[in-house]
Structures are given as structure tokens and as C-alpha cells.
Amino acid sequence: MRRPIIAGNWKMYKTVAESVAFVQELLPKIETYLAIDKVVCPNFMAIPTVSEVLKDSPLKVGAQTLHWKQEGAFTSQTSGEMLKGYIDFVIIGHSENRAYLAETDETVNKKLHAALQYGFTPIVAIGETKDELEAHLTTEVLHKQLQGALANIDAHAASTIILAYEPIWAIGTGLNAKPEDANRVIGEVIRPTIATLFGEETAQAMRIQYGGSVNPSNMLAYMQQPEIDGALVGGASLKVDDFTQLIKQTAEAKGL
Ligand code: PGA
């Protein structure tokens with residue numbers, strides 16, 4: 001079975017002090033769930049401190065993006081070189097960055113190569129807009145995003161990448177995709193696309209999360225879907241009790 005992974009994307013929430021207090025409270029509640037990867041992605045400000053607090057613990061730290069260059073005149077950006085030693089995971093291609101920060105399939109690909117070079121596990125977010133969904137373009141959009149994001153990646157590296165299927169219309173809206181629909185898109189569109197690019201073995205090995213308005217009242221239904229290997233969570237990852245519930249329900253649904 002693919003190892004489930006639950007990642008909290010904190011976006012621009014929580015000060016350094018709040019981030020530290022959160023992980024100190026969360027850790028004892030979830031550390032026994034050893035068969036599940038558990039990740040928090042704090043703001044860059046909090047990464048060094050949170051990383052120090054969680055050193056050698058089973059709760060891992062991720063960044064919300066990175067720049068592909070090692071250094072340079074790129075105001076506001078943070079490189080893999082700077083993140084090295086602090087993180088294990090990095091989110092790439094989040095729809096908010098695609099919408100507000102000019103992220104494209106091409107920059108996702110550059111960031112992906114950089115993340116792999118530094119040994120970070122990338123969580124690559126893909127998904128269609130509401131207009132694309134209504135125009136029945138989901139398959140086409142996901143093909144294009146995957147082909148662009150995964151250009152010039154070899155099959156071995158590809159099998160270590162995590163994908164997050166996040167329908168954009170479901171993010172932060174409370175309009176979550178039906179669990180069966182998310183399962184179908186992953187099983188009938190995303191995995192077959194990966195199989196075409198890298199072969200069936202890689203497609204079956206790759207971990208694919210669902211993301212978009214996941215919370216403790218719908219988590220169990222997502223995790224019961226065989227194609228869904230975890231979740232990328234925004235809002236519900238900001239509360240200790242909710243995050244704990246998400247981990248517990250994953251363990252329950254996957255029989256771990
Ligand atoms: P949400 O965000 O859980 O608040 O919908 C998900 C995400 O942006 O990854």
C-alpha cells in the first residue's frame with residue numbers, strides 16, 4: 001500500500017510564536033501514527049524555529065514554495081540552498097501561486113528540478129478551475145499541467161514526487177469535490193497520465209493527495225477512496241484538534 005501523507009499548508013497564517021505553540025501541542029497527539037507521513041508547511045519566517053523544535057520527530061516540515069536558482073537578484077524569493085537543512089518537503093505549483101504569483105507549468109518544472117536536486121520531497125499541486133470543470137476540460141487541463149510540470153524528470157525521481165489534486169473551485173470555498181469524483185479523476189485521469197509518461201509501475205507507486213476544503217467531517221470519506229493517498233489541507237490544518245482528527249481518520253480509513 002502507498003504510505004498516506006497528510007500535509008498542512010498554513011499559507012500566510014500563524015506568527016513564529018503561534019507556529020511553535022501549535023506544533024508543540026500537536027506533536028504528542030499524532031506522533032504514534034507512524035505509518036502516516038505528517039507534514040506542516042509554515043510561513044518562511046517560522047521554518048527555522050519550527051524545524052528546530054521538530055528535529056528528529058515524526059512531524060516533518062515543508063515550505064510553501066522555493067525558487068529554482070541558488071541565489072540571485074530575485075526580491076522576496078527563497079532558494080533551496082537557503083531551505084536546506086530545515087525542510088523535508090516543499091509545495092510547488094499551488095493554485096494561489098499560479099493565480100497571484102505568476103507560477104506557470106514552466107516555473108513548476110524548474111522548481112521541481114531544484115527541489116529534487118536538494119533532496120526535498122516535492123508536493124506538486126494541480127487542478128482545474130470552475131470554468132474548466134463546467135466546460136468538461138478537466139482531463140485536458142490535468143494532462144497539460146502534468147506534462148509541463150514533469151518535463152525531463154526520470155521515472156525513478158518521478159516515483160518520489162507527491163501530487164496533490166486540488167480542484168481550484170474547492171480550495172477554501174467549502175465546496176469540496178465529491179470523494180468518488182476525486183477518486184475517479186485520480187484513478188482515471190492522473191494515474192493513467194503518469195503511466196503514459198513514466199510507466200505503470202511509477203503510476204502505481206506515486207502518492208496522490210486530494211486537496212480542497214478537507215475537514216474532519218469529510219476526511220473519512222476521502223481516505224476511504226482507494227486512489228487517494230492523503231490530503232493537502234489548508235483551513236483545517238490551522239487547528240490542532242482538526243489536524244489530529246485528520247490523522248486519526250486517515251489511520252482508521254486505511255486500516256493503519
Ligand atoms: P483548504 O486549502 O483546505 O483551505 O481548501 C487547501 C489548499 O489550499 O491546499
Side-chain angles (χ1 to χ4, degrees), residues 4-14 18-19 22 26 30 36-44 46-47 60-66 87 89-103 108 111-112 115 120-130 132-133 138 141-142 145-146 149 161-179 181-183 185-186 190 207-223 225 228-250 253:
I5 168 163
I6 309 302
N9 171 14
W10 288 357
K11 308 190 180 184
M12 198 174 71
Y13 290 99
K14 296 194 189 295
E18 287 165 349
S19 302
F22 184 98
L26 178 67
I30 57 151
I36 299 170
D37 281 340
K38 304 159 288 290
V39 184
V40 287
C41 302
N43 179 269
F44 279 122
I47 286 179
K60 301 297 174 194
V61 180
Q64 298 175 16
T65 187
L66 83 173
I87 60 160
F89 292 84
V90 59
I91 300 169
I92 299 174
H94 191 280
S95 63
E96 285 152 17
N97 290 355
R98 292 180 193 256
Y100 312 134
L101 295 172
E103 187 90 281
V108 170
K111 291 179 178 189
L112 186 53
F120 307 146
T121 300
I123 300 176
V124 178
I126 54 171
E128 79 284 0
T129 63
K130 189 157 187 52
E132 290 161 348
L133 173 77
T138 301
V141 168
L142 294 175
Q145 289 178 341
L146 286 168
I161 294 168
I162 294 161
L163 295 179
Y165 171 51
E166 299 205 305
I168 295 168
W169 47 271
I171 297 177
T173 57
L175 298 170
N176 54 299
K178 285 201 190 102
D181 289 344
N183 190 68
V185 171
I186 294 173
I190 300 177
R207 295 188 286 172
I208 308 181
Q209 302 171 304
Y210 168 76
S213 297
V214 167
N215 61 50
S217 44
N218 58 31
M219 184 66 167
L220 198 59
Y222 285 113
M223 294 306 110
Q225 304 294 327
I228 303 182
D229 305 317
L232 181 57
V233 188
S237 74
L238 297 169
K239 295 189 197 113
V240 170
D241 288 344
D242 286 359
F243 202 113
T244 307
Q245 277 303 317
L246 301 180
I247 305 286
K248 278 191 177 157
Q249 292 184 18
T250 303

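All ligand and atom numbering here is 1-based and tracks the order in the structure. Note that the coordinates shown come from a computational prediction; the quantities given were computed from them, not determined experimentally.
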Measure from the side-chain N and O atoms of Asp241 to the backbone N and O of Thr244, and report whether any donor-acceptor pair falls under 3.5 Å.
-> no
Decide yes or no for Thr138 and Glu132: does some side-chain heavy atom of the first lie under 4.5 Å from some side-chain heavy atom of the second?
-> no
Which pair of non-hydrogen atoms, one from Asn43 and one from Gln64, has the smallest distance, and what is that distance?
-> N-NE2, 3.7 Å
Parallel, tilted or perpendicular: ring planes of Tyr222 versus Tyr210, cut at 30 and 60 degrees = parallel
Least distance between heavy atoms, Pro4 atom then Thr250 atom | CB-CG2, 3.7 Å
Those residues with a heavy-atom separation under 4.0 Å from ligand 1 are Asn9, Lys11, His94, Glu166, Ala170, Ile171, Gly172, Gly212, Ser213, Leu232, Val233, Gly234, Gly235
Taking every non-hydrogen atom, the tightest pair across Pro122 and Ile92 = CB-CD1, 4.0 Å
